[in-house]
2 protein chains.
Amino acid sequence: MRIGELAERAGVSARALRYYEQQGLISARRAANGYREYDESDVRLVAEIRSLLAVGFTLEDARPFVDCLRAGHEAGASCPESVAVSLRKLAEIDAEIRALIRHRAEVTAQLTYTCPGCDLFPAEGNDGPRPAGTPRRQAATGRLAGGVTPPPPDDQAGS
Amino acid sequence: MRIGELAERAGVSARALRYYEQQGLISARRAANGYREYDESDVRLVAEIRSLLAVGFTLEDARPFVDCLRAGHEAGASCPESVAVSLRKLAEIDAEIRALIRHRAEVTAQLTYTCPGCDLFPAEGNDGPRPAGTPRRQAATGRLAGGVTPPPPDDQAGS
DNA sequence: CTACCCCCTGACACCGGCGTCAAGGTCAAG
DNA sequence: CTTGACCTTGACGCCGGTGTCAGGGGGTAG
């Protein structure tokens, strides 16, 4: 198939596909007229790239996953290089979450003085009604909301 | 004082100060030779900007805070525009945290298959020993780590 | 032959907060 | 007078993943 079809089937732009090729993530044989020609397996490769980008990986991070798939493995994440990248990304994500939690704490602390009663539960009362069907969770007493295995706060931001 | 001194006292570069001025956040009167001249209050303004940048605000976000200070208020966050921005940023931070938690969940789910036993507790075993004095929290059974008023997961990321 | 759709390469634009270099003026100390 | 630290404006670079435009070729349907 040509680039337009692959783009449509993978849900990306042709521009993105050319960029991935330029970055060495995918490759294409060329027809006599210079057009790129792809096969079914490329759909899978692009899907892998997109799903990784969706969770915050860069194209560079995605490289070992793609290589893994091209090496014949059924899952891009099954190679040791992929695992190493995943672990690194996990640490990065955790660090980011911790930083954001610190930021949040600083903002809420500020708001405690300037707008008492504003930050009882997250994101509310400042931009109209909820989008749609957001059931407004319990919020309980306003503290200790358990998460789905979130990283530990470990906050130490002294201001 | 001139730009070099303000830069040193505020802990920023002269380039940054010129940029803030270009963005209309701070202003300086000019000496006869064209040099920028600042006074003590500017140290405070720049400090406010820096502390806001440090929690993820953009310069645009910082504008009402600076205006508030320049209007004579003792705290940059005490004006209604500042409060509005803080609430918006809080919502943005919450959204980012939720997104990151979803990303984290996807990565750990992946690792569950490709590296069983790797993600029992966050950020460990992939880059040497802990930095220093990080006591490695309990981790308990591996779930439900309470946070310091973190936003609700509300995750709905179906893959 | 003309339309028209698809493809090609190359390259600038974007976003934010600066770093950094260029080319030159100012002023006090030696 | 010279040196050298400090200042000025202007402008490009960076990072990542594209969007988009420019300018031109390929192939098929009418």
Side-chain angles (χ1 to χ4, degrees), chain A residues 1-39 42 45-63 65-66 85 88-89 92-93 96 99-100 103, chain B residues 1-39 42 45-63 65-66 85 88-89 92-93 96 99-100 103:
Chain A
M1 77 192 78
R2 290 180 305 186
I3 200 171
E5 186 178 346
L6 176 58
E8 190 174 7
R9 290 184 55 181
V12 305
S13 66
R15 174 69 176 90
L17 293 178
R18 294 194 193 99
Y19 183 64
Y20 299 159
E21 177 177 336
Q22 188 187 357
Q23 299 303 307
L25 287 168
I26 61 178
S27 60
R29 53 195 175 76
R30 296 302 181 110
N33 57 13
Y35 288 12
R36 290 174 177 81
E37 276 294 333
Y38 301 94
D39 52 37
D42 290 313
L45 291 188
V46 177
E48 182 83 10
I49 292 172
R50 297 307 291 191
S51 68
L52 289 170
L53 287 182
V55 294
F57 283 46
T58 67
L59 286 182
E60 199 52 44
D61 294 329
R63 193 181 300 277
F65 290 77
V66 175
V85 168
R88 178 171 55 74
K89 294 304 284 186
E92 290 177 15
I93 290 171
E96 268 191 83
L100 282 173
H103 294 170
Chain B
M1 75 192 79
R2 290 180 306 186
I3 199 171
E5 186 179 345
L6 176 58
E8 190 175 7
R9 290 183 56 181
V12 305
S13 66
R15 175 68 177 91
L17 294 177
R18 293 193 195 98
Y19 183 64
Y20 300 159
E21 177 178 336
Q22 188 186 359
Q23 299 303 307
L25 287 168
I26 61 178
S27 60
R29 54 194 174 77
R30 296 303 182 110
N33 56 14
Y35 288 12
R36 291 174 178 81
E37 275 295 334
Y38 301 94
D39 51 39
D42 290 314
L45 290 188
V46 177
E48 181 84 10
I49 292 172
R50 298 307 291 188
S51 68
L52 289 169
L53 287 181
V55 294
F57 283 47
T58 66
L59 287 182
E60 199 51 43
D61 294 329
R63 193 181 301 276
F65 290 77
V66 176
V85 167
R88 177 171 56 74
K89 295 304 285 185
E92 289 176 16
I93 290 172
E96 268 191 82
L100 282 173
H103 295 171

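Order of the sequence lines fixes the chain letters, A, B, ..., with proteins taken first and strands second; residue numbering starts at 1 for each chain.
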Participant: Just how far, in rounded Å, is C1' of C/dA11 from CD of A/Q22?
Facilitator: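 Result: 11 Å.
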
Participant: Starting from the 5' end of DNA chain C, give me the residue, B/T58 or A/Y38, whose nearest nucleotide shows up first.
Facilitator: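 Nearest nucleotide further toward 5': that of A/Y38.
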
Participant: Find which nucleotide of DNA chain D each of B/R2 and A/S13 is nearest to by heavy atoms, and output the residue with the more 5' nucleotide.
Facilitator: B/R2

Participant: State plainly whether the residues A/R88 and A/D61 are in salt-bridge range, i.e. N to O under 4.0 Å.
Facilitator: yes

Participant: OP1, OP2 of D/dA11 versus side-chain N and O of B/R15: anything below 4.0 Å?
Facilitator: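 Answer is no, no contact under 4.0 Å.
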
Participant: In whole angstroms, how far is the P atom of D/dG17 from the CD atom of A/Q23?
Facilitator: 8 Å

Participant: Which nucleotide in the set C/dC18, D/dT8, C/dC8 lies at the smallest distance from any side-chain heavy atom of B/R18?
Facilitator: D/dT8

Participant: Measure the distance from NZ on A/K89 to P on D/dG16 and round it to the nearest whole Å.
Facilitator: 10 Å

Participant: Taking only side-chain nitrogens and oxygens of A/Y20, does any of them come within less than 4.0 Å of OP1 or OP2 of D/dT18?
Facilitator: yes

Participant: Does any N or O donor sit under 3.5 Å from an N or O acceptor when you compare the side chain of B/Y35 with the base of C/dG25?
Facilitator: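 When only heavy-atom distances are counted, B/Y35 does reach the base of C/dG25 through a donor-acceptor pair under 3.5 Å.
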
Participant: What is the separation between atom CD on B/E21 and atom C1' on D/dG10, rounded to the nearest whole Å?
Facilitator: 15 Å

Participant: OP1 or OP2 of D/dG27 sitting under 4.0 Å from any side-chain N/O of A/N33?
Facilitator: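 For D/dG27, OP1/OP2 do have a side-chain N/O of A/N33 under 4.0 Å.
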
Participant: From B/E21 CD over to B/D42 CG, what is the distance, rounded to the nearest 0.5 angstrom?
Facilitator: 9.5 Å

Participant: Ion pair present between B/E60 and B/R63, side-chain N to carboxylate O less than 4.0 angstrom?
Facilitator: yes

Participant: Got a donor-acceptor contact below 3.5 angstrom from the B/E37 side chain to the B/M1 backbone?
Facilitator: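 Such a contact is found between B/E37 side chain and B/M1 backbone.
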
Participant: To the nearest Å, how far apart are A/L17 CG and C/dC7 C1'?
Facilitator: 13 Å

Participant: Between B/A32 and B/A14, which residue's closest nucleotide on DNA chain C lies nearer the 5′ terminus?
Facilitator: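 Nearest nucleotide further toward 5': that of B/A14.
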
Participant: Tell me the interatomic distance from B/I3, atom CD1, to C/dG25, atom C1', rounded to whole angstroms.
Facilitator: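 Distance check: B/I3 CD1 to C/dG25 C1' gives 16 Å.
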
Participant: If we only count heavy atoms from C-beta on, is the A/L17 to A/V12 side-chain gap below 4.5 Å?
Facilitator: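 Result yes, sub-4.5 Å side-chain heavy-atom pair found.
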
Participant: Starting at CD of B/E8 and ending at P of D/dA5, how long is that distance when rounded to a whole Å?
Facilitator: 15 Å

Participant: Any base atoms under 4.0 Å from A/R36, or only sugar-phosphate, or nothing? Heavy atoms, all strands.
Facilitator: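 Sugar-phosphate: the residue A/R36, judged by heavy atoms under 4.0 Å, touches backbone atoms but no base.
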
Participant: Starting at atom OH of A/Y19, determine the distance to atom P of D/dT20, rounded to an integer number of angstrom.
Facilitator: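 Result: 17 Å.
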
